[in-house]
Visitor: 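Have a look at the structure that comes next, please.
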Amino acid sequence: MINETNPEKMYLAMKAKLAAVVPDFELKIKSELAAEINRLKVEKNAVILGHNYMEPALFSSVPDFVGDSLELARKAAQTDKDIIVFCGVRFMAETAKLLNPKKTVLLPSEKAGCSLAESITGEDVRQLRLKFPGVPVVTYVNTYADVKAESDICCTSGNAKAVVESLHTDTVIFLPDEYLAKNIANETGKHIIFPSLDPRKKFANELDYQMIGWLGRCEVHDKFTVEDIANVRKQFPDVTILAHPECSPEVVAASDFSGSTTAMIRHVENTSASHYLLLTECAMGDNVAAANPDKEMLRLCSVRCPHMNQITLEETLESLRKIQYVIEIPEDILQRAARAVQRMIAIG
Ligand code: SF4
C-alpha cells in the first residue's frame, strides 16, 4: 500500500515501484485516482482489499491488504472498519460479507463475475446430494453464496487437500472446478468421477470412486497447454514453470511447481532460478515481476481474467464515492454459507 493522498507524491511512489510494468502516461492518471481513493478511504472509514490478480497500478497503490482469496477472507473477518471495498470478483466480496455480515461490503463493478462460479447453482448441489446421499460436499470458494449454503465445508486452492483429508471419509463431492478436483485426486490417490445429473445416464466407473467432481472450469487457467510449456522450455531450458492448480493435470504435471497464488509468490521469492514463468492470470505475473525486480520473469500473457479486469482504480473511486455496489445476501443463505466458510477457516 502507498499511504499517500498527495497526487504528486503518489505519482513518484508509484513510479518507483512500477516504472518497469506500467507506462508513464498511465501512471500519471492512475496516481491522481489513487490519491483521491486514499483520501476517501479515511473519510468513509473503509478498508480496501486487493486480490493478487488486480492490475499493477491498483494492486500496488490503494489496498490496505493484498493476497489470495483465503488471506483476504481472513482480513475481511478481522476488520473493524465500517466499509470493506473488495477489489476482486463477486464471490470474494460475498465471502467477505459472509464472514463480517454487519459491515457494508462493496464490489466496485457489477460485471466482476467468474466463469467457475457461474458453472454451478445451489440446485445442482441439492441434486448431487440426492444422487449421492450422505456424501460430504466440499466447495471451492470460487462459488456464489447459494452454492456455499448447500455445502458442508469450503476450500481454496491452498488448503483443498487438507480440507478433503480433514473429513476422514471414503468419499467426497468436490465442486465445481474439474481440474482442481483432478489435481487433488492425483495428490491424494483418490479415484474421481464426473457424474451426470441425468438419471438416464449411468457410468461403469461410478461403482468405484472416492471423489465426485463437476465440470466447471476457470476460463483463464483452462487456456494454458502442455505445448505452451514445451515451447518455452525449448527457448529457456533452465526456466522454472509454476502452474496454478486450476490448470489441467497435464499442465501441472509438465510444470516444476504447482500451488495457490500465495504459494507461487513465495516460491519465486525463496528460490533463485535463471527464469520463471507463472501459468496464471497475467496481472499477477506483472505484480510478481514488480515485487521481484532482481528476478527474470517470462510472460505468456495472453490471458487476463475478463472479470478481474473490470475492477480498476476508476471503478474503485466511484464505488467509494457512491457507496456502490453493495453486496446483499438473503439471511438464510448467509447463515448456512458462513458456516461452510468458517469451517474451512478453522482448518487453515
Ligand atoms: S481467474 Fe478464473 S477463477 Fe479467477 S475470477 Fe477469473 S475466471 Fe474466475
Side-chain angles (χ1 to χ4, degrees), residues 49-56 58-59 63 66-73 76 86-97 105 107-121 138-148 154-160 174-184 213-225 228 242-249 251-252 258-265 278-288 299-312 315-316 325 327 341 344:
L49 307 180
H51 190 263
N52 290 328
Y53 293 176
M54 288 295 100
E55 59 166 356
L58 191 162
F59 183 82
V66 291
D68 62 20
S69 48
L70 179 60
E71 290 167 325
L72 296 181
F86 211 114
C87 293
V89 291
R90 169 167 288 275
F91 72 78
M92 296 176 182
E94 281 191 358
T95 305
K97 183 73 181 174
V105 178
L107 180 66
S109 168
E110 284 184 307
K111 294 183 195 146
C114 170
S115 64
L116 194 48
E118 273 138 39
S119 71
I120 191 161
T121 64
V138 178
T139 297
Y140 196 25
V141 283
N142 301 26
T143 47
Y144 293 124
D146 63 326
V147 170
K148 290 186 174 82
C154 290
C155 72
T156 67
S157 57
N159 64 18
F174 189 100
L175 308 170
D177 188 319
E178 174 191 350
Y179 290 154
L180 180 63
K182 283 180 175 170
N183 286 322
I184 297 299
W214 187 257
L215 297 175
R217 289 186 190 178
C218 162
E219 65 190 284
V220 173
H221 293 95
D222 191 26
K223 291 203 175 78
F224 296 110
T225 65
D228 293 334
L242 299 87
H244 192 277
E246 286 168 18
C247 294
S248 74
V251 165
V252 167
S258 176
S260 66
T261 55
T262 299
M264 284 197 269
I265 291 168
L278 270 57
L279 298 181
T280 187
E281 209 278 338
C282 70
M284 171 158 151
D286 288 341
N287 292 330
V288 175
R299 304 286 217 288
L300 197 68
C301 200
S302 52
V303 264
R304 176 80 175 114
C305 170
H307 311 285
M308 294 283 184
N309 203 29
Q310 300 295 329
I311 308 295
T312 59
E315 303 283 345
T316 305
Y325 296 93
I327 297 291
V341 177
M344 168 191 79

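Just so you know, ligand 1 is whichever comes first in the structure, and atom 1 is the first atom listed for that ligand.
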Visitor: Near Glu246, which atoms of ligand 1 are under 4.0 Å from a heavy atom of that residue?
Guide: 3 (S)
Visitor: Return the set of residues passing side-chain hydrogen bond (donor to acceptor under 3.5 Å, both in side chains) with Asp177 (not counting sequence neighbours), or none when no residue passes.
Guide: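 Asp177: no side-chain hydrogen bond (donor to acceptor under 3.5 Å, both in side chains) contacts found.
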Visitor: For Asp222, what residues pass the side chain to side chain contact (heavy atoms under 4.5 Å, CB included) criterion, not counting sequence neighbours?
Guide: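 Here the qualifying residues are Tyr179, Arg217.
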Visitor: Using the side chain to side chain donor-acceptor pair (under 3.5 Å) rule, pick out the option among Arg304, His244, His51 that qualifies with Glu281.
Guide: Arg304
Visitor: Donor-acceptor pair, Asp68 side chain versus Thr261 backbone, under 3.5 Å?
Guide: no
Visitor: Using the six-membered ring wherever Trp is involved, compare the ring planes of His221 and Phe224 and label them parallel, tilted or perpendicular (cut-offs 30° and 60°).
Guide: tilted
Visitor: Under a 4.0 angstrom heavy-atom cut-off, which atoms of ligand 1 come close to Asn142?
Guide: 3 (S)
Visitor: Below the 2.8 Å mark, what number of protein N, O or S atoms do you get around atom 6 (Fe) of ligand 1?
Guide: 1
Visitor: Name all residues meeting the side-chain hydrogen bond (donor to acceptor under 3.5 Å, both in side chains) criterion together with Ser258; count only those two or more places apart in sequence or in a different chain, and write none if there are none.
Guide: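 Result, side-chain hydrogen bond (donor to acceptor under 3.5 Å, both in side chains) vs Ser258: none returned.
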Visitor: Does any donor atom in the side chain of Glu246 or Ser157 lie under 3.5 Å from an acceptor atom in the other side chain?
Guide: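 Distance-only check fails for Glu246 and Ser157.
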